[in-house]
Amino acid sequence: MMTNIVETIKKQIDNVVRSAVSKAVKKEELPSFEIEEVTVETPKEKTHGDFSTNIAMQTAKFAKKAPRQIAETVVNNMEFSNTYVEKVEIAGPGFINFYLNNNWLYDSLKEVQKKRKEYGRINIGSGRKVMVEFVSANPTGPLHMGNARGGALGDCIASVLEKAGYDVTREFYVNDAGNQIGKFGISLEARYLQLLKGENAVEFPEDGYHGDDIIDHMKNYVKEHGDKLVDVGSSERQKALVDYALPKNIERIKKGLQEYGVNFDVWFSEQSLYDSGELKETLDYLKEKGYTKEDKGALWFKSSLFGAEKDEVILRNNGVPTYFLADIAYHRSKFLKRKFDWVINLLGADHHGHVSRMKCAVEALGVNPDKLDVVLFQLVRLYRNGEIARMSKRTGKAISLTDLLEEVGRDAARFFFNTKASGNHLDFDLDLAVKKSNENPVFYVQYAHARICSMLRLLESEGVSVPEINSVDVHLLDKEEEIELLRKLSQYPEEIKLAAQTLEPSRLTRYVLDVAAAFHSFYNACRVKGEREELMKARLLLVDSTKVVIANVLELLSINAPEKM
RNA sequence: CUGCCCGUAGCUCAGCUGGAUAGAGCAACGGACUUCUAAUCCGUAGGUCGGGCGUUCGAAUCGCUUCGGGCAGGCCA
């Protein structure tokens, strides 16, 4: 089955080269040597052919011959039957350049038409179970820009892996236990008492949550339940208030993410690790294995046994588990209880210190730490009027995901957060994101799609619809702009593969921009309507295929592909 | 002090498991609408790849070093 034409061609070239080499060796034109890998790449310069290999330079040392001489020998022994290769040239220091006939492009056009919505799906994952855990925002407050970037990035990584043939689970780790929930309770309690007994009745804790949302929660609580908690004990009061506010926060987070187009399969509760006994089991396991030590009244995980520089506290001297212990139990659940083959965690770059100790912990659990990948993404800076924007125009408070969606919309947000590699800082220009012009890449791509839809509508109204591929002479597509566009379309499965391998969906936003650009160029150079029928049909097919590819990429990114603009 | 990330055109960024003349978008400048959406296209200009040393046939890419920016280094998460 041909799912990825580019890969097929690379395999063909690989075969051609290997058999040519072994033939030459047999004829003793070359000394015998091992080829580890035939690297096949697409040259930057079009005049250097469609694909090229540097095998002659790589093997020059073993063969003890000049690269160009090796290349010549190899080329003389090549066989091209049943391949797309049309001719071969030796160039530069010893590159072997392959020039293909256009059939590979026409074949890939057939693929697009045959697969439609499924075009781009590949199977490098072979159904392996992978979990992508992302956002996992602290449920004590609203979603911030870091969560917004993490959400767009994580969701797209998950989508890319699904397209690449993995069995993907999107998971949100709800930190509903531990220290920050304690602080949440103290903060709620303080606001509650301030509301009922006056501002000065209690002092608000310095390290509490100062946001207005805490006050709003308590105003609502008082409205609904009055002062019934004023006279009960503090811990009971805090618990009641947390039980009231926390589910509301989690609901709000769910709703916000839904509007953002991010839907999780699993909302995993940290508290459940305590309730189910898994946390204790994990602790017992670590102790039993001798991976722990006691020091200064606390219990430590000896991460130094696994190459780390220092050990980590897992039980404080007051007996309370740390977040890290819960996280170890959590990863035990991911790997050992739920049997994921691969786990990907998204983390803001400010948490990078967590990565190496987590890997140590995974190793301590008896799991190959390579099965854990942590994608660190750098922080976001918002710009408005050329200046750094921190506050929402409407609320005057820190800009939340909800504010962002209100200001620029989901399409722009999802697109912009995926324009840069995760390891780079991201400047988000709020003015640009809403601009309806060619400066704004989102509109550039959406416009291409809408333009195509408009063309198809017009032709449809004249009784011309997209033809069956078998009734079309695709060889008529041979103008430069047509070939360029075909090339771009044929690249999609390969793009999915690369995005999956590098966990970098930003290459897909670049790719879809390229497709849109190739289309716009084609549009200005070639007409569809009004051409003679055979040519019109062929071009119509190309245009329709472009629409399919753009729509597929946008769907993967959770961005609308509008039919009209 | 130590560790991680980043430094490429005026701006925002690709390229980084070493390859041929370092790419794109925006901004700038000059062109293209009697015909399928000009929210578009075509062209021009723009660079000591932060600096230095090394590795080799070959370095933006790898190593060392240095400078500049960001972030970490809690019995916080």
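Order of the sequence lines sets the chain letters (A, B, ...), proteins ahead of strands, with each chain counted from 1. What you see below is based on every heavy atom in this structure, not just the backbone, and it leaves out hydrogens, waters and symmetry mates. Small disclaimer: the values here were computed from a predicted structure and weren't measured.
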For A/S333, give me all partners under side-chain hydrogen bond (donor to acceptor under 3.5 Å, both in side chains), at least two apart in sequence or on another chain.
A/R338
Using distance alone, with no hydrogens and no angle criterion, decide if A/Q491 and A/Y511 have a side-chain donor and acceptor under 3.5 Å apart.
no
Ignoring hydrogens and angles, does a donor from either the side chain of A/D514 or the base of B/A14 sit under 3.5 Å from an acceptor on the other?
no
For atom C1', what is the distance between B/C16 and B/G7, given to the nearest Å?
14 Å
Taking OP1 and OP2 of B/C41, is either one under 4.0 Å from a side-chain nitrogen or oxygen of A/Y444?
yes
Return the value, rounded to whole Å, for the distance between atom CG of A/N424 and atom C1' of B/C16.
12 Å
Across every strand shown, the nucleotide meeting Watson-Crick or G-U wobble geometry with B/A22 (both distances under 3.5 Å) is none
What is the nucleic acid contact for A/D311, judged by heavy atoms within less than 4.0 Å: base, sugar-phosphate only, or nothing?
nothing
d(CG, A/N97; P, B/G19) in whole Å
15 Å
Report which part of the nucleic acid A/S52 touches: base, sugar-phosphate, or nothing (heavy-atom distance under 4.0 Å, all strands).
base
Would you classify A/A450 as touching base, sugar-phosphate or nothing, given that sugar-phosphate means primed atoms plus P, OP1 and OP2, and contacts are heavy atoms under 4.0 Å?
base
C1'-based separation of B/A28 from B/C33 [nearest Å]
23 Å
Tell me: CG of A/N418 to P of B/A14, nearest whole Å?
13 Å
5'-most by nearest nucleotide on RNA chain B - A/T419 or A/L376
A/L376
Are side-chain N/O atoms of A/Q446 and A/D411 paired as donor and acceptor at under 3.5 Å?
yes
Under a 3.5 Å threshold, yes or no: a donor from one side chain and an acceptor from the other, between A/D176 and A/S269?
yes
A side-chain contact here means heavy atoms from C-beta on lying under 4.5 Å apart; do A/L477 and A/L109 qualify?
yes
B/C36 pairs with which nucleotide, Watson-Crick or G-U wobble, both distances below 3.5 Å?
none
Mate of B/U56 where both pairing distances stay under 3.5 Å, Watson-Crick or G-U
none
Rounded to the Å, how far apart are A/M565 CE and B/A38 P?
13 Å
Encode nucleotides 68-77 of chain B as B, S and - characters from 5' to 3', where the letter depends on protein heavy atoms closer than 4.0 Å: B to the base, S only to sugar-phosphate, - to neither.
--SBS--BSB
Interatomic distance where CG belongs to A/N440 and C1' belongs to B/A38 [whole Å]:
17 Å
Check whether any side-chain N or O of A/N440 sits under 3.5 Å from a backbone N or O of A/A433 as a donor-acceptor pair, and report yes or no.
yes
Quick one: side chain to side chain contact (heavy atoms under 4.5 Å, CB included) partners of A/R357, sequence neighbours excluded?
A/E312, A/F324, A/H354
Across all strands shown, which nucleotide pairs with B/G46 by Watson-Crick or G-U wobble geometry, both distances under 3.5 Å?
none
Around atom CD of A/E309, are there more than 12 heavy atoms from other residues, nucleotides or ligands closer than 6.0 Å?
no
Considering every strand shown, what is the Watson-Crick or G-U wobble mate of B/G3 when both distances are under 3.5 Å?
B/C71
May I ask you to say what A/G530 touches in the nucleic acid, namely base, sugar-phosphate or nothing, with a heavy-atom cut-off under 4.0 Å?
nothing
If we take the P atom in both B/G54 and B/A60, what is their distance in whole Å?
15 Å
Can you confirm whether A/E480 is buried at CD, in the sense that more than 12 heavy atoms of other residues, nucleotides or ligands lie under 6.0 Å from that atom?
no
Mind telling me whether A/F306 and A/Y291 have parallel, tilted or perpendicular rings, with 30° and 60° as the class edges?
perpendicular
Expected output is a numbered-order residue list: members of residues 494-513 of chain A with a heavy atom under 4.0 Å from any atom of RNA chain B. What is it?
A/R510
Using whole Å, what does the distance between atom C1' of nucleotide B/U37 and atom CZ of A/F522 come to?
15 Å
A/K420 NZ - B/G7 P separation (whole Å):
12 Å
Taking B/A27 as the reference, what is the distance to B/C11 when you measure between their P atoms (whole Å, please)?
16 Å
Between A/Y523 and A/I96, which is nearer to the 5' end of RNA chain B once each is assigned its nearest nucleotide?
A/I96
Which value, in whole Å, describes the distance between the C1' atoms of nucleotides B/G63 and B/G18?
13 Å
Side-chain (A/D50) to main-chain (A/Y99) donor-acceptor, under 3.5 angstrom
no
Base, sugar-phosphate, or nothing for A/C526, non-hydrogen atoms under 4.0 angstrom?
base
Does A/R457 form a salt bridge (charged side-chain N to carboxylate O under 4.0 Å, His left out) with A/E460? I'd like the steps, not just the answer.
CA-CA 5 Å; A/R457 265 196 310 274; A/E460 191 75 41; over 6 Å; no
List in numerical order all residues of residues 454-461 of chain A for which some heavy atom is under 4.0 Å away from an atom belonging to RNA chain B.
A/S454, A/M455, A/L458
Please indicate yes or no: is the ring centre of A/F95 less than 5.5 Å from the centre of the six-membered base ring of B/G19, with the two planes inclined by under 30 degrees?
no
Rounded P spacing from B/A9 to B/U56 in Å
30 Å
Qualifying salt bridge (charged side-chain N to carboxylate O under 4.0 Å, His left out) pairs with a residue from residues 494-504 of chain A, counting only residues at least two apart or across chains:
A/E7-A/K497, A/K10-A/E494, A/E495-A/R507
Taking atom C1' in both B/G50 and B/U61, compute the distance separating them and give it to the nearest angstrom.
16 Å
Got a sec: does the NZ of A/K280 have more than 12 other heavy atoms crowding it under 6.0 Å?
no
Considering only B/G19, B/A14, B/U40, which nucleotide approaches the side chain of A/N54 most closely?
B/G19
Base paired to B/C41 (Watson-Crick or G-U; both N/O distances under 3.5 angstrom)
B/G31
Could you give the CD-to-P distance, from A/E481 to B/C42, as a whole number of Å?
8 Å
Determine the interplanar angle of the A/F519 and A/F522 rings, folded into 0 to 90°, and report it as parallel if under 30°, tilted if 30 to 60°, perpendicular if over 60°.
tilted
Ranking B/C42, B/C36, B/A20 by distance to the side chain of A/R527, first place goes to B/C36
P gap between B/U17 and B/G74, integer Å
34 Å
